Amino acid sequence: MSSVRIIALTSLAMLAFAGNSLLCRAALATTTIDAASFTTVRLIAGAVTLWAIGLRLHSKRRGGENWGAALLLFCYAASFSFAYINLSAGTGALLLFGAVQVTMIGVGLLSGERLNWQQLLGFICAFAGLSVLVTPGVEAPSFLGSVLMLGAGVAWGLYSIRGHNAGNPIQKTGGNFLRAVPLALVTSLMFYRQMSLDGMGIGLAAASGGLTSGVGYAIWYTVLPALQTTSAATVQLCVPILATFGGVVLLSEPITLRLTVSSLAVLGGIALFILNRDRSRRSGAPTTR
């Protein structure tokens, strides 16, 4: 795969990931669709799109999907939707991707991964940035929304770890989307008193599931083998920035000092951790517990 194609596909995937935040926030802030219905439509659209892409690729391999992974996917999607009722696109994306990376790093620590002092500093910096963002204050985002989005990030981080290298990624993800649909339907029934099906909201949910999730994942899985592990992890740090600026331009959302400081701490800390992990592996330098 040529360098130009790698850059182009990676850029499209990152725009799709940021687009998920923008579409969800736009639907819940500018239309009357409820969060449970948004989640259901998104999962159905994602399952259909990934199934169609799998057929197009003539893939015969089993995806390795299962109910455990589907439950994590549902927890991510539902928490993501309900969180964006009260969060801006940029704040939500920062909380989401910060929690994803901290979760995956934390699992590595619990499994015995050793760190050097730069990695430890990066982890502390990223965790402190998230803590500052959700600390009560004038500019603090909604506490419930923050907790839900952090939960979404933990669920997505665990889902990513669970599904790493398990079967065909497009078929696996499509199967998990399909298995998550009944859980979303049950949730919609639980919140039936708040149910509101808005035409524009349904369209935004379908675009989130079909385009920014389904097509976005397909693009990402296509380009992922051509990226080094560090590059694949680091490039995702641009998603909260894209979502923030998208929210400012498209949704007239403000950029607060708290969000700016927290973004620098979280993104800088995670980048420091990832880059030093790769450098340590290349050099074979000793690390400490």
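These numbers come from a predicted model, not from an experiment. When a residue number appears, it is its place in the shown sequence, counting from 1.
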A.B. asks: Would Ser196 and Asp34 count as having a side-chain donor-acceptor pair, cut-off 3.5 Å?
C.D. replies: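 No, no side-chain donor-acceptor contact under 3.5 Å.
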
A.B. asks: Does a side-chain heavy-atom distance below 4.5 Å link Leu150 with Val154?
C.D. replies: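 They are not in side-chain contact.
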
A.B. asks: Out of Ser188, Ser81, Ser208, which residue meets the side chain to side chain donor-acceptor pair (under 3.5 Å) rule with Thr39?
C.D. replies: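 Only match with Thr39 under side chain to side chain donor-acceptor pair (under 3.5 Å): Ser81.
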
A.B. asks: As a quick check of understanding, evaluate side chain to side chain contact (heavy atoms under 4.5 Å, CB included) for Leu178 and Trp51, giving each step before the final call.
C.D. replies: CA-CA 9 Å; Leu178 184 62; Trp51 173 77; over 6 Å; no

A.B. asks: Would a 4.5 Å heavy-atom cut-off, applied to side chains only, mark Ser252 and Val248 as touching?
C.D. replies: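 A side-chain contact under 4.5 Å is absent here.
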
A.B. asks: Parallel, tilted or perpendicular for Tyr84 and Phe80, by the 30°/60° rule?
C.D. replies: perpendicular

A.B. asks: For the residue pair Ser146 and Leu95, establish whether any side-chain heavy-atom pair is separated by less than 4.5 Å.
C.D. replies: yes

A.B. asks: Check whether any side-chain heavy atom of Arg25 lies under 4.5 Å from a side-chain heavy atom of Leu87, and answer yes or no.
C.D. replies: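 Counting from C-beta outward, Arg25 and Leu87 never come under 4.5 Å.
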
A.B. asks: Among side-chain atoms of Tyr221 and Thr173, is any donor-acceptor pair under 3.5 angstrom?
C.D. replies: yes

A.B. asks: Indicate whether the side chain of Arg42 and that of Ser213 have a donor and an acceptor atom separated by less than 3.5 Å.
C.D. replies: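 Short answer, yes.
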
A.B. asks: Under 4.5 Å between any side-chain heavy atoms of Phe273 and Ile105, yes or no?
C.D. replies: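 Phe273 vs Ile105: side chains touch.
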
A.B. asks: Working to the nearest 0.5 Å, report the span between CD of Gln101 and CG of Leu267.
C.D. replies: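 Going from CD on Gln101 over to CG on Leu267, the span is 10.0 Å.
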
A.B. asks: Given side chains that start at C-beta, do those of Phe74 and Thr187 come closer than 4.5 Å, heavy atoms only?
C.D. replies: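 Of all side-chain heavy-atom pairs linking Thr187 with Phe74, at least one is under 4.5 Å.
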
A.B. asks: Does Pro141 reach the side chain of Asn86, with side-chain heavy atoms less than 4.5 Å apart?
C.D. replies: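 They are not in side-chain contact.
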
A.B. asks: Would you call the rings of Trp220 and Phe17 parallel, tilted or perpendicular if under 30° counts as parallel and over 60° as perpendicular?
C.D. replies: perpendicular

A.B. asks: Take Met104 and Ile161, measure what side chain to side chain contact (heavy atoms under 4.5 Å, CB included) needs, and give me the verdict at the end.
C.D. replies: CA-CA 7 Å; Met104 297 181 75; Ile161 293 171; 4.0 Å; yes

A.B. asks: Aromatic ring centroids of Phe82 and Phe191 under 6.0 Å?
C.D. replies: yes

A.B. asks: Do Ile241 and Ser263 come within less than 4.5 Å of each other through their side chains, counting heavy atoms only?
C.D. replies: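 Sidechains of Ser263 and Ile241: no contact.
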
